[in-house]
Each structure stands twice: as structure tokens, then as C-alpha cells.
Amino acid sequence: MSEETTKPSNFIRNIIKADNESGKHGGRVHTRFPPEPNGYLHIGHAKSICLNFGLANDYDGLCNLRFDDTNPQKENEEFVNAIKEDVRWLGFDWQERLFFSSNYFEQLYTYAVQLIEQGNAYVCDLNAEQTREYRGTLTEPGKNSPYRDRSIAENLDLFSRMRAGEFVDGSKLLRAKIDMASPNVNMRDPALYRIRHDVVHHQTGTEWCIYPMYDYTHCLSDSIEGITHSVCTLEFADHRPLYDWFLDTLKVECHPQQIEFSRLNLQYSITSKRKLTKLVEEGLVEGWSDPRMSTISGMRRRGYPAAAIREFCERIGVTKSDNSVEMEILDACIRENLNENATRAMVVLDPVKVIITNYPEDKTEELIAPKHPQNESMGTRVVPFSRELYIDRADFKEEANNKFKRLVKDKEVRLRNAYVIRCDEVIKDEKGEITELHCSYDPATLGANPEGRKVKGVIHWVSAAHGVKAEVRLYDRLFNHPHPDSDKEVDDFTVHLNSDSLVTLTESVVERSLVDAQAGTVYQFEREGYFCADSELCRDGKLVFNRTVTLRDTWAKIA
RNA sequence: UGGGGUAUCGCCAAGCGGUAAGGCACAAGGUUUUGAUCCUUGCAUCCCCAGGUUCGAAUCCUGGUACCCCAGCCA
């Protein structure tokens, strides 16, 4: 795709268009997605991934995957691998451009030495608490560190000894010498390097005992990679002067442009890595890929198609304004995709037995049903019909007004893809619970409307002898508060956890064609919703389906 | 008068001085062997507020107001 694109405009695309016209970066577009491997990616990252890779794609540019791995205490290889898998699954390709900030540690060290030589950085002996005190507050300027005016020679010596491991953690810091009175606290002599012994970095092992800070590392990594547009979220806008300061002060050739956009806030979910980590670590969910999680791996296991997530990221747009996106937009994207692509099936979630009293006991018909009612090319499936069936308990009432378009005692209903039946008798146990419905079928109604009467209701069913038992997991939103992580009334967001977010059905019966369901495949269980064969729980012939999303249900609103 | 950012329909969001796109949601019809899908129609005389400039302002100017972010040796 070139610049002549149909994608909706946004302010970043406008900047790129203007840059391309003025020749600012030589007409190049080179972005990067820079995750820190300290957790799994979530829907907010998906927005950033789609933006960065999408921009590169639309303007014939490139997008790198770069792990921002400067804090070995929180990072590990598991996260690196999970992130790569998620980005790839989302449909993006970094080709040979997989990088780590740690690839540049040596270069970064050299730049730091240059800063010291230029008199732009110094080694500071203040401890953490003192550093904070010297920094001042938002409304009061800070004051200069007593170590600020060490000689260049002393700084050079100290810094090389920091690297050599002569000093203990926290005893020294390399700091930029900028302005302790800056109204922007980020400019008050920010830390460049801290000392960290006793940690093994997932990429560099124990080679280093000093690690560079984000602000220092990020801009230079961008510059080294020849990034043109360094897109990040709004909270980094205050860091932009620092981003530019490092690049200007070091007089590097490539000076990328940092552009900030607002992060996604999805209602009834959480997009904070720290809080998602808490859910996992405290066992409040079944791991990072729990289908209720807003993680990419959770959504994948839930059955959300990658294309639907990409479409969602497209629809919500990119701006700098605070937002609160309704879950309905995501749901609409999921349904739109799955309605078009998912094979149809009949599944009885909560079975009650139906006996067709006028149907021969030993007979079975192999009825043919389309895999998709609007798309013949998807083919057909065989649905066995016999004397004993299951229908859903919710699809029967002994008495109901004619708004209830399902089975009612002494009334008729259409069995989807099969015959019209009438309920003649209701059998109950001693507790009054319905155990069987005795019905009669009209043999003339297979693929034809009954003579002289209209049957408007259609319900789904499964042949008792041919259906297969399965576990069905009904998922709902994980939280029952639209903004669980910004409710100032409570001190712990977990109080907003929805206790009904998972309802497990163990007695469901699926039609025979589903026994071979491949993990990850999403089906439409007609009249119920979209369900995905679980990738972790379908084992040894056991069938487990996750509800991806329900069908739109206008009846539920009325009833 | 610490700094930075944002304010257009319930939600998201175009708009860049020429007279308010689109999507979601919602409402009303039609088709339908999924109360699904699909189709049709409706849905901001008004763009945070108040002044001003202009033939003309959501777009420019001035002054307010509200909300978000920043004081990690996290990113």
C-alpha cells in the first residue's frame, strides 16, 4: 500500500504526510514497537503495534521490534518469547529487524563517556533518598548535587570503575548535568546509569553491572536504528525535551521525532501491566492467557480473530484525547468477523430430553445442514436426526404468550434444519423438574413449511444418541465496573472483579460434526454465540469450548 | 501564573475559515428455518464557556472552566 490509502486520517498520518512533503527524513518512514519484556502484551499494546507496523506498511516504510530491556530485575526470556508470538499472531512481521536495547549497551557506554568528556554528565554519590530530596517538588526547584562539579577526569575514572564493579548497588549514579531548577522535573539531572549487581540479564548475562535508564537508552536506540517517527504514549510527552537533549548534546546524525498519542482505555477491562501481573500472581485468573484477560494471548485463547483486533484498533482511531472505549466496539468487530467466517453448529448448552413419539425407534436420518447459511461455498455438514433429542431448557415453556417464539406445550416449533414438532406432554420428576418432553413431528415439514399454518419459532437441537458431551465455558467481562483501575472510591481494583465472569457448563451436548474441532477454531453455536475450541483444555478426546462472544440478542433486552 | 496534554452526539472519531463525515450504541420498519445476519430509515441549527476578528468561525484571537499526566537509581 502506498500513501494513496483509504485508511482514516489521524494526526500522526498528517505529520508523516507533511514530513514526506518537506523531505524531513528523506521521505523515509521507519517506526518501531518497543515493549519491555516484563509482562504479556495487552489490548493497549495491540493499538500501538497496529499503529507502528501499520504506519510503516502504509508509507512503504519499516517497523522494528525492539525489546526495551534495560531493567533486568523485572524482565525475562519467557516474556520475550510471549511478546514475539503475540506480535506475529497479530499479523505483523519485523523480518530480520529484531533488536534489543541491550544490543547497544557498549555503544551506549561510549556515548556516556562522551557526555562526561563534554561536561554533560557526572557521577553522583547521593543515595536514593537524598536524590529525591535534592530533586525538589513540582512547584519548587531542586538544588544541585554536591557532586555535580566533579572534574571530568574524576567522573571518567569513577564511571569506568562503576562498570568494573567497584561500587555497591545504589552507591553511585551517572547523571546528566542539565538544570536542577527546570520546571520539567525530568530535566533535573536525570539518572543515566545505575549499579545492579546480582542480576542476570536475559540477553547479556552478567557482562554488565551498570544498566542504562529508559530516557537515555530509548532515544539513542531509536537513533542507532534510524527511526524516523518514534511513536509513544502521552505520559512520555514530558520526556520529549530530554529525548531531544540527549540526541542534540551527543550530536548524533539521526534525530528521530517523538510523537505521543493517548493510550487506550477499554471499559470493564484493565490495561495496566502491573495490575494484570497482580491478577496472575495472586491467582485471581488462570494465568496470562486466561480467556477473560485483556492480554493478546487471552484474547487469542478466547477466540478473538487477529483480524478483528486489528479492525478494532483501526476503528478506535489515534488521537491525543483521553478516551474510554466501550466494549461494544470490540464485540462488534469480533461478531462482524466471526459472522462471516465461523462454521455453524448446533449445541445444546443445558439439555432437556425430547422424545418424538411418532418417530420410529430404530431410525436415523442423516440430515444435511449448511455450514454457513449465507455462504454455500463453505459446504455442508451431516446432522443425524433420531427419535430422542435434546433441546435447551430455556427453549421450552409450559405456558407463554405468543411473543415467546420457542416450544410451548401444545404448540409447534421448527427444529432448525429438521422438522416441525408439537409438544404433547410434559414429564416431570417428583420435584417438579421437567425430565422429558413428548412431542410429535410432522414428516411433511422437512425443508418445507407446514400446510395451512405458520410456525415462526426455530430452535436448535442435538440427537441424543449422536451428540457428544462437552464442557462449555461461558465467559463474561472480568470486571463489573467500567473503570476498575481508576475508581478512587476503593483502594484495590480487585473488588470490582466480576464473580460471574466464568460459568462452566459440564453437561452440554454438541452435534457430532464438532468432535474433530481443532483447538483455536471458532464456531457459531447457532442462536447462542461464537465458541472457540480451547487450545489448552481440549485433550484426550475431551472437548472444551470457550464462549468468545454472544450473538446480538435483541430478545434479551425485551424479555 | 510549576510543567506538559486534552476538550466535536451516550462512546470512539473526522473536520485545519465557507456553513457538522463515519463507526459503535440506540430507535422504527422490511427479509429470514439462527429473536443472528442482511436491508431501509431516524439519531449534534450545533462543536467546554464567554467575549472578539470576519460577509462567514468547531476551525483565528483573548479570557475563563473542566479533566488527564509528571516529583522511580521503572518503562
Gap in Å between the two P atoms, one belonging to B:rA57 and one to B:rA50, rounded: 15 Å
Between B:rC55 and B:rU65 - C1' atom distance, rounded Å: 32 Å
When A:Tyr530 and A:Gln73 are each assigned the nearest nucleotide of RNA chain B, the 5'-most assignment goes to A:Tyr530
Watson-Crick/G-U partner (both atom distances under 3.5 Å) of B:rU33: none
Paired to B:rU65 by Watson-Crick or G-U wobble criteria (both distances under 3.5 Å) is B:rA7
Take atom C1' in B:rA20 and the same atom in B:rC43, then report the distance between them in whole Å. 14 Å
Pick base, sugar-phosphate or nothing for A:His460, based on heavy-atom distances below 4.0 Å to the nucleic acid. nothing
At under 4.0 Å between heavy atoms, what does A:Ala556 touch on the DNA or RNA strands: base, sugar-phosphate, or nothing? nothing
Assign A:Met346 to base, sugar-phosphate, or nothing according to its heavy-atom contacts below 4.0 angstrom with the strands shown. nothing
How is A:Thr137 classified with respect to the nucleic acid when contacts are heavy atoms under 4.0 Å: base, sugar-phosphate, or nothing? base
Using a strict 4.0 Å threshold on nitrogen-to-oxygen distance, state whether A:Arg527 and A:Asp392 make a salt bridge. no
Base, sugar-phosphate alone, or nothing: which one does A:Arg196 contact when heavy atoms must sit under 4.0 Å apart? base
Looking across every strand, which nucleic acid part, if any, lies under 4.0 Å from A:Arg552 by heavy atom: base, sugar-phosphate, or nothing? sugar-phosphate
Report the base-pairing partner of B:rG72 (Watson-Crick or G-U wobble, both distances below 3.5 angstrom), or none. none
Check ion pair A:Glu225-A:Arg32 (N to O, under 4.0 angstrom): no
Would you measure the distance from the P atom in B:rG18 across to the matching atom in B:rC11 and give it in whole Å? 28 Å
Find which nucleotide of RNA chain B each of A:Thr319 and A:His372 is nearest to by heavy atoms, and output the residue with the more 5' nucleotide. A:Thr319
Across the strands shown, which category fits A:Ala128 at heavy-atom distances under 4.0 angstrom: base, sugar-phosphate, nothing? base
Would you say A:Ile391 and A:Leu407 make side-chain contact, with heavy atoms under 4.5 Å? yes
So, are A:Arg263 and A:Glu235 salt-bridged, with charged N and O less than 4.0 Å apart? yes
Taking any heavy-atom pair under 4.0 Å as a contact, classify A:Val318: base, sugar-phosphate, or nothing. sugar-phosphate
How would you label the contact of A:Phe404 with the nucleic acid (heavy atoms, under 4.0 Å): base, sugar-phosphate, or nothing? base
For B:rG72, is chi within 90° of 0 (syn) or not (anti)? syn
A:Arg453 bridged to A:Asp442 by N-O distance under 4.0 Å: yes
B:rC69 and B:rU62: how far apart are their C1' atoms, nearest whole angstrom? 27 Å
Shortest non-hydrogen contact from A:Gly447 toward A:Arg414: N-NH1, 4.2 Å
Could you work out the separation of B:rU45 and B:rU8 based on their P atoms and round it to a whole Å? 15 Å
What range of RNA chain B does chain A touch, first nucleotide to last, counting atoms under 4.0 Å from its heavy atoms? B:rG2 to B:rA75
Atom pair CG/CZ of A:Leu338 and A:Arg335 - distance to nearest 0.5 Å: 10.5 Å
Please state the C1' separation for the pair B:rA21 and B:rC16 - nearest whole angstrom. 15 Å
Base partner of B:rC26, which must satisfy Watson-Crick or wobble distances under 3.5 Å: B:rG42
For A:Lys557, answer base if it contacts any base atom (sugar-phosphate contacts may also be present), sugar-phosphate if it contacts only those atoms, and nothing otherwise; contact means non-hydrogen atoms under 4.0 Å. sugar-phosphate
Please step through ring pair (Phe, Tyr, Trp, His ring centres under 6.0 Å) for the pair A:His239 and A:Tyr243, ending with a clear verdict. CA-CA 6 Å; A:His239 296 239; A:Tyr243 184 103; over 10 Å; no
Using a heavy-atom cut-off of 4.0 Å across all strands, would you classify A:Asn449 as base, sugar-phosphate, or nothing? nothing
Expressed as a whole number of Å, how far does the C1' atom of B:rG22 sit from that of B:rG17? 23 Å
Across the strands shown, which category fits A:Arg406 at heavy-atom distances under 4.0 angstrom: base, sugar-phosphate, nothing? base
How would you list, by chain and number, every residue that makes a side-chain hydrogen bond (donor to acceptor under 3.5 Å, both in side chains) with A:Thr277, sequence neighbours excluded? none
So what does A:Ser182 hit on the nucleic acid, given a heavy-atom distance under 4.0 Å: a base, only sugar-phosphate, or nothing? nothing
Using a cut-off of 4.0 Å on non-hydrogen atoms, how would the nucleic acid contact of A:Phe236 be classed: base, sugar-phosphate, or nothing? base
